[in-house]
Amino acid sequence: MPRSLRLGVLTGGGDCPGLNALIRGLVKRGTHEFGHEFVGIENGYMGLVEADLTRPLTEEDTRGILPKGGTILGTSNRANPFIYAFREGNRWVERDVSDAVLRRCEELKLDGLVAVGGDGTLSIAHRLSEKGLKVVGCPKTIDNDLCGTDQTFGFDTARLIVTEALDRLHSTAESHDRVMLVEIMGRHAGFLTLESGLAGGADVILLPEIPYRVESIVEKLRARATRRRSFSIIAISEGAFPVGGTLAVLDRAEDVPGRGVVRLGGSGKVCADLLAQHIEAEIRVNVLGHLQRGGSPSAADRVLATRYGCGVLDLVRDGKWDHMVALRAGEIVAVPLSESRKERRVDPSGDLVRFAKSMGISFGD
Ligand SMILES: Nc1ncnc2c1ncn2[C@@H]1O[C@H](COP(=O)(O)OP(=O)(O)O)[C@@H](O)[C@H]1O
Ligand SMILES: O=P(O)(O)OC[C@H]1O[C@](O)(COP(=O)(O)O)[C@@H](O)[C@@H]1O
Ligand SMILES: [Mg+2]
């Protein structure tokens with residue numbers, strides 16, 4: 001019988017469907033096979049900085065959570081221990097509280113920490129690991145932009161939601177002869193836009209990896225109009241921008257204390273305003289927003305998340321701290337956490353883009 005451990009668990013960054021399935025897999029296998037004990041840490045790393053945000057996490061707590069969206073542990077994308085934001089009077093100050101986080105883990109008598117998150121959460125995990133904390137990671141994000149793993153859970157569900165939105169927008173766009181722009185999440189990576197754009201039959205797909213020229217989109221829209229189809233669907237990433245232009249930003253990194261990264265939004269409106277200078281057709285912009293992350297995970301995401309939750313316990317058993325679980329060529333493997341710092345992007349000359357172009361889909365280049 002392997003040694004029973006006391007493990008902390010936290011979920012950090014933006015939530016995504018499948019986090020609860022992961023927590024369930026982790027706690028069930030951990031309890032049954034290893035006799036581990038789990039401590040739930042609430043609101044990401046915030047739970048290791050602020051008081052009263054930890055609680056026992058038992059198998060009983062995981063009953064019925066498999067199909068639930070979000071995370072029963074809560075999360076935060078503003079709780080980086082290396083730039084933690086505190087309110088002092090009427091201003092915010094940022095401090096490095098990473099030493100206090102290590103002390104807190106000792107107080108909680110943790111033998112190790114399981115950090116579930118995206119590039120942000122996992123690179124923080126790696127930095128904590130460098131300071132001596134025993135951490136293992138599980139990758140998550142609807143953006144699918146993490147290096148080291150072929151897929152993150154959350155992506156499949158988000159792709160289904162966006163595809164359904166594109167399907168639904170087709171009928172109203174066609175009835176009104178409109179150009180529909182659909183703004184899709186993904187930060188600086190276009191995976192979600194590319195794959196749901198393909199699945200949902202978009203006519204134009206605009207990605208952060210391929211800056212667009214308005215003239216090129218106009219040409220495509222005009223070509224469609226002469227074929228007596230005067231409606232068009234444009235799938236645009238929140239991180240897409242015109243050649244020579246800049247990112248559409250809702251909050252700069254420095255405007256949100258503790259956040260450390262930019263909040264994107266508004267690329268659809270920017271593109272619509274540019275197009276309106278050239279075409280007569282009515283244009284509408286749809287921002288799908290957090291609908292893309294909400295609700296129950298798909299079967300595929302439940303399975304992948306369960307595999308990650310169960311699989312990370314092999315890393316713990318083998319003492320593979322400072323590693324994360326990953327999917328590579330269909331297998332669950334261990335990858336150094338330092339890999340998670342590298343972000344993945346759509347390859348503009350890869351198969352998907354090439355085939356889409358060969359079918360007549362415009363990328364605005
Ligand atoms: N590439 C990065 N490297 C280091 N820290 C990051 C990085 N991206 C984000 N962070 C920090 O990690 C926290 C969570 O990041 P976020 O991107 O929202 O979540 P995640 O990537 O884990 O889903 C933020 O507070 C931010 O300060
Ligand atoms: O929830 P917020 O703070 O508005 O953040 C929105 C961002 O989070 C995401 O939904 C998911 O990103 P992460 O997985 O890196 O947290 C991005 O697609 C989007 O840009
Ligand atoms: Mg991130």
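Whatever order the structure lists them in is the order used to number ligands and atoms, beginning at 1.
Residue, atom and distance of the protein heavy atom nearest to atom 23 (O) of ligand 1 are K140 NZ, 2.8 Å. The protein heavy atom nearest to atom 11 (C) of ligand 1 is N80 ND2, 3.7 Å. Scanning all protein heavy atoms for the shortest distance to atom 5 (O) of ligand 2 gives R259 NH2, 3.4 Å. With hydrogens left out, the protein atom closest to atom 18 (O) of ligand 1 is N77 CB, 2.9 Å, a heavy atom. Taking atom 15 (O) of ligand 1 as the reference point, the nearest protein heavy-atom neighbour is G120 CA, 3.7 Å. When only non-hydrogen protein atoms are considered, atom 18 (O) of ligand 2 lies nearest to D143 OD1, 2.7 Å. Closest to atom 19 (O) of ligand 1, if we only count protein heavy atoms, is G13 CA, 3.0 Å. Of the protein's non-hydrogen atoms, R187 NE, 3.1 Å is the one closest to atom 15 (O) of ligand 2. Closest protein heavy atom to atom 3 (N) of ligand 1: S123 OG, 3.2 Å. If you check which protein heavy atom lies closest to atom 21 (O) of ligand 1, you get D119 OD1, 2.5 Å. Of the protein's non-hydrogen atoms, T141 OG1, 2.7 Å is the one closest to atom 14 (O) of ligand 2. The single protein non-hydrogen atom nearest to atom 19 (C) of ligand 2 is E238 OE2, 3.4 Å, given as residue, atom name and distance. Scanning the protein heavy atoms around atom 2 (P) of ligand 2, the nearest turns out to be H290 NE2, 3.5 Å.
Within D119, the N, O or S atom at minimum distance from the Mg ion (ligand 3) carries the name OD1.
Judged by the shortest distance from any of its heavy atoms, Q292 lies outside the 4.0 Å radius around the atoms of ligand 2. Ligand 2 is approached by G14 to a heavy-atom distance shorter than 4.0 Å.
Within the set E343, R78, R293, the minimum heavy-atom distance to atom 10 (O) of ligand 2 is found for R293. Of the candidates R187, R259, K342, R187 brings a heavy atom nearest to atom 16 (P) of ligand 1.
Judged by distance alone, the side chain of E183 and the main-chain N or O of S267 form a donor-acceptor pair under 3.5 Å. In terms of modelled atom types and a separation under 3.5 Å, the side chain of R178 and the main chain of T172 share no donor-acceptor contact.
Here's the thing with T121: one of its N/O atoms is less than 3.5 angstrom from an N/O atom of ligand 1. The shortest N or O to N or O distance between G118 and ligand 1 is below 3.5 Å.
Applying the 4.0 Å criterion to heavy atoms of G186 picks out, from ligand 2, the atoms 18 (O).
Looking at heavy atoms from C-beta onward, L73 lies in side-chain contact with R55 at the 4.5 angstrom threshold.
Side-chain contact annotation: T149 with R344, donor-acceptor N/O pair under 3.5 Å absent.
Within the 4.0 Å heavy-atom criterion, neither part of L264 lies near ligand 2.
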